[in-house]
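What you are looking at is a predicted structure, and each value in this text was computed from that prediction instead of being measured.
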Amino acid sequence: MGGVPVRKAMAVLTFSAIAFLIAVILFFNRSVDLKPGAPSDYLGQSQIELYKAYLSGEEELFFLDMAAEQAFGKAGHLEKLKENRQEFLKAFSKEFAKYLPEFNKNFPAANLNIEDYTFKTDSRGLIGISDKEITMPAKYHEYTFIPNFRVFVGTGETGETSYKAVAADAQAEQTAAEEPAAQAREPVTENTAEAPQEEPVPLGAE
């Protein structure tokens, strides 16, 4: 009686071994014809690329925030703002324009100009509003933002004053900076017409 189950078990093991061997042979035969497919992104890669674009945009906004803080102080800070709000905004525009060449050098895709901005003051401080959008490309996505900023300082104003920046705010500073360089490049010529001509000394003369 006990021999029948043993024979059945041996038959099942033998059949299983043969089936496994056939499966292995079929797998290796078919694997020869397999070709690598197109590369695919790993899980979360597109999200990581979008996050990198977001961080790059935040870096640009931080640069502009710091530039606005510096320009606000150089334009005369709160004292000058209270004296004449319109003139203060013009002075701020000229100071802020000085930072844009460095900004565009570090972030060439942005290409910001001073005339892209309108500056306003209210009770909470100064606002820089841009007409331009900056797009940070990322794989499968794009991150777009407007490079606005605010300098927080209590102005005591009850109304709002605005100033639309113009290209001349940057050109005036550029012209002033180029004049000394142009003068340095001018060739220095000697006026030899009035210089006395020396007579040649004869040989043997004392």
Sidechain-backbone polar pair: N106 side chain, F103 backbone, donor-acceptor under 3.5 Å: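 Flag not set: sc N106 to bb F103 has no pair under 3.5 Å.
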Test item: N84 side-chain N/O and K80 main-chain N/O as donor-acceptor pair under 3.5 Å: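 Flag not set: sc N84 to bb K80 has no pair under 3.5 Å.
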L100 and I114, any side-chain heavy atoms less than 4.5 Å apart: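 The answer is yes; the side chains approach within 4.5 Å.
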Non-hydrogen side-chain atoms of F63 and E102 separated by less than 4.5 Å: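 Side chain of F63 against side chain of E102, heavy atoms only: contact under 4.5 Å found.
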Plane angle bin for H77 and F72 - parallel if under 30°, tilted between 30 and 60°, otherwise perpendicular: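 If you compare the ring of F72 with that of H77, the planes turn out perpendicular.
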Aromatic ring pairing F96/F92, orientation class (parallel under 30°, perpendicular over 60°, tilted between):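 Ring orientation, 0 to 90° scale: parallel.
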Any residue meeting salt bridge (charged side-chain N to carboxylate O under 4.0 Å, His left out) with R150, in chain and number order, not counting sequence neighbours: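 Counting only residues at least two positions away or on another chain, R150 forms a salt bridge (charged side-chain N to carboxylate O under 4.0 Å, His left out) with D122.
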Supply the atom-to-atom distance [X] [atom1] to [Y] [atom2], rounded to the nearest 0.5 angstrom.
X: F88; Y: L81; atom1: CZ; atom2: CG; answer: 5.0 Å
X: K90; Y: F119; atom1: NZ; atom2: CZ; answer: 13.5 Å
X: I146; Y: I134; atom1: CD1; atom2: CD1; answer: 10.0 Å
X: E58; Y: Y143; atom1: CD; atom2: OH; answer: 5.0 Å
X: M136; Y: L50; atom1: CE; atom2: CG; answer: 11.0 Å
X: Q86; Y: S162; atom1: CD; atom2: OG; answer: 7.0 Å

F145, CZ atom: more than 12 neighbouring heavy atoms under 6.0 Å: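 Counting neighbours around CZ of F145, more than 12 heavy atoms of other residues, nucleotides or ligands fall under 6.0 Å, so yes.
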For [X] and [Y], which heavy atoms make the closest approach, and how far apart are they?
X: D169; Y: S93; value: OD2-OG, 2.6 Å
X: E95; Y: A75; value: CG-N, 4.2 Å
X: L64; Y: L112; value: CD1-CD1, 3.9 Å

Transitive ILVMFWY side-chain link Y117 to V166, under 4.5 Å: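 Yes, Y117 and V166 fall within the same hydrophobic cluster.
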Cluster check L55, L61: I/L/V/M/F/W/Y, side chain < 4.5 angstrom: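 Same hydrophobic cluster.
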Distance-only side-chain donor-acceptor flag, E157 / T121, under 3.5 Å: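 The answer is yes; a qualifying pair exists.
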Residues K120, Y163; criterion side chain to side chain contact (heavy atoms under 4.5 Å, CB included); working and verdict: CA-CA 6 Å; K120 297 182 179 181; Y163 171 74; over 6 Å; no
Contacts table for residues 126-133: side-chain donor-acceptor under 3.5 angstrom, sequence neighbours left out:
| unit_1 | atom_1 | unit_2 | atom_2 | d |
| --- | --- | --- | --- | --- |
| S130 | OG | K132 | N | 3.0 |
| S130 | OG | K132 | O | 3.4 |
| D131 | OD2 | K164 | NZ | 2.7 |
| K132 | NZ | A110 | O | 2.9 |
| K132 | NZ | N111 | O | 2.4 |

Step-by-step side chain to side chain donor-acceptor pair (under 3.5 Å) determination, S123 to T155: CA-CA 5 Å; S123 61; T155 63; 5.7 Å; no
